[in-house]
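Written below as structure tokens is the structure these notes are about.
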Amino acid sequence: MEAFQLLSRGGARFDKQRFLSDVQLFNKTAQKDPKGKGKGSVTSHDFELPAELDFFKYAKGGTGKRKATEKVGNPGGKRRKVGDGSGDEDENEDEDGGEPEEDGPTQKHRVTTKGSDVPQHIDSFEALRERYPVPQRLLANLADNSYKHPTGIQSYGIPILMESRDLAAISPTGTGKTLSYLLPIMSNLGSPASGSNSDAGVGVRAIVLAPTRELAHQIYNECLKLAVGRKWRVILFSKATASTLGDKNVRDKVDIIISTPLRLVASIQEGNLDLNNVRHLVLDEADRMLDSEFLSQVQEIVAACTHPTIQKAVFSATLPAGAEKLAMGMLRNPIRVVVGLKDTPLPLIAQSLTYVADDASKLPSLLTYLSQPYNPPVLVFTSTQPRATSLAEELVLNGIPNVDCLHAGMTNKEREDAVSRMRKGESWVMVSTEVMARGMDFKGVREVINYDFPTSVQSYVHRIGRTGRAGREGKAVTYFTDEDGPYLKSIANVLLQSGSTVPDWIVKLPKPSKMKKKQMGKIKRAETVNAARKIGRNDAIKKRDMIAGSKRRKAKEHGPTDRDEGVSNFSG
DNA sequence: AAAAAAC
């Protein structure tokens with residue numbers, strides 16, 4: 001059920017027929033309903049998933065024992081002290097009662113909270129109304145968009161935000177974070193400023209910041225769905241919409257702005273925008289927003305929000321210690337909620353590492369991959385814009401159908417068109433840079449390929465998080481070359497953590513010390529080569545990868561020999 | 001560590 005609701009959010013078109021098979025895959029209790037596959041006979045009631053079938057499924061295997069529990073509320077109003085975020089967590093856990101299953105859904109997930117006076121979580125959206133004055137229309141819009149049962153982060157995060165508390169929320173990719181903050185914002189704002197809302201004050205009252213235009217747009221779309229039927233003024237900030245704020249009558253009646261940081265800063269500096277009436281500020285993809293390039297912009301925005309009772313919240317699937325410290329410093333008496341394991345991908349995503357000797361071997365590998373049956377659309381990540389462009393060109397030249405490309409070097413229109421094709425299912429292979437790595441919700445994406453090795457664990461987690469969304473299964477393949485050796489182990493650990501398997505030799509790689517990383521890079525490069533050769537001889541390990549390897553060599557003979565500059569300049 | 005993205 002939940003998976004169904006999640007699937008039907010976001011801007012992407014949603015194929016019920018296609019989803020039906022997925023649900024049955026997950027839902028052992030569901031009766032097979034051949035009629036359900038018939039045209040037009042599928043309704044949401046046809047596939048009630050058990051409530052415990054949450055998005056978060058703990059995979060078997062991985063590293064040792066794994067706790068898979070659900071934290072249940074905060075009985076007795078137990079106080080919790082906010083700590084530094086690292087180290088031990090003050091947890092309150094409870095078994096969920098379900099039995100772990102071999103291959104089906106594991107019916108357990110874990111939520112941990114930290115902070116004082118944590119509000120009781122909700123078990124249903126209806127329960128919200130019993131506790132808070134949520135506008136009827138908002139709940140109706142929720143239902144109209146097939147949101148029926150809250151996910152973990154929604155269950156815990158929404159009451160916290162409803163009670164005007166500051167929140168740091170960490171929840172895996174594709175688990176419904178957007179709704180977790182939009183619903184409380186719209187509820188707490190009460191009614192649009194343009195109406196007879198005496199409490200509205202003057203000027204924008206809520207701001208959501210996101211790192212990319214595409215993501216801001218997606219959040220905006222979500223917001224519009226919840227805004228149906230009321231005269232909310234929600235603005236997706238851009239040069240054009242920002243200029244409309246020159247009109248004071250417009251400016252004073254804005255309710256919510258969704259924006260990227262720099263655009264907002266520009267308007268503040270132009271004197272077109274006053275943030276002193278902002279009561280809700282959300283940083284989506286918080287760790288990204290707090291890294292060096294965005295930090296000063298975000299700080300400027302935070303400083304401009306001078307309303308005494310402003311509520312701040314940060315959301316992400318990953319929050320490294322440094323970013324968390326910064327975030328906690330911004331928040332007032334915050335509650336920290338972690339769903340699942342921080343910095344860890346969903347176990348629903350089957351991850352693998354594929355050895356490709358060097359950069360020149362990547363294209364043949366990918367072509368081989370795409371010559372075999374695959375589930376479009378496939379999302380392919382490269383490290384730079386030129387590499388994205390030239391890889392897309394190469395694929396087209398090699399006859400791969402419906403190849404698209406998306407990076408920030410393209411014009412706004414090109415970017416919008418690419419997203420639109422993706423949403424319509426017209427893209428089969430989408431080649432992109434990090435711009436697509438975070439937050440984007442394309443329901444159909446079943447496979448992600450890291451053509452270029454991700455430059456951080458966080459990048460890896462977010463990239464592969466474009467699949468496996470809303471309870472679906474996904475697949476992620478990561479190419480690595482000899483040069484990626486120094487960072488291989490850290491990514492391999494992520495795979496292990498989330499239940500995927502990793503060849504032994506990678507697990508045994510020594511941990512690179514920071515000081516000697518560069519030096520060790522050379523040593524390890526040799527180790528990687530040797531170990532990778534061993535794999536080639538070992539039938540037991542990663543059949544797929546070996547297939548890819550041999551096909552790669554074959555494809556190389558027939559494949560194009562001349563390579564675009566953009567593709568070859570990777571190995572500096 | 002390093003590129004990308006933000007206007």
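The listed nucleotides are B:dA4, B:dC7, B:dA2; the one nearest the side chain of A:R263 is B:dC7. Of the candidate nucleotides B:dA4, B:dA2, B:dC7, B:dA4 has the atom lying nearest to any side-chain atom of A:R288.
The aromatic rings of A:F480 and A:F453 sit perpendicular, their planes meeting at an angle over 60°, well past the 30° parallel limit.
For the residue pair A:T382 / A:D452, no side-chain donor-acceptor distance below 3.5 Å is found, with atom types taken as modelled. Side chains of A:S361 and A:D358: a donor on one and an acceptor on the other come within 3.5 Å. Looking at A:S427 and A:N402, their side chains never bring a donor and an acceptor atom within 3.5 Å of each other.
B:dA3 atom C1' lies 17 Å from atom OH of A:Y451, rounded to whole Å. Residue A:L262 contributes atom CG, which lies 10 Å from atom P of B:dA6 at whole-angstrom precision. When rounded to the nearest whole Å, the span between CD of A:E214 and C1' of B:dA6 equals 12 Å.
Contact annotation for A:P261: no contact, since no heavy-atom pair falls under 4.0 Å across all strands. Backbone-only engagement by A:R213 is indicated by non-hydrogen atom pairs under 4.0 Å involving sugar-phosphate atoms exclusively.
Counting only residues at least two apart or on different chains, the ring pair (Phe, Tyr, Trp, His ring centres under 6.0 Å) pairs with a member in residues 303-327 of chain A are A:Y181-A:F315.
Between the side chain of A:R387 and the base of B:dA3 there is no donor-acceptor pair of N/O atoms closer than 3.5 Å.
Of the residues in residues 299-306 of chain A, not one places a heavy atom less than 4.0 Å from an atom of DNA chain B.
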Under 3.5 Å, side-chain donor or acceptor atoms of residues 293-305 of chain A against the rest of the protein: list the pairs with distances, not counting sequence neighbours.
unit_1: A:Q297; atom_1: OE1; unit_2: A:L262; atom_2: N; d: 3.3
unit_1: A:Q297; atom_1: NE2; unit_2: A:E293; atom_2: O; d: 3.3
unit_1: A:E300; atom_1: OE2; unit_2: A:Q269; atom_2: NE2; d: 3.0

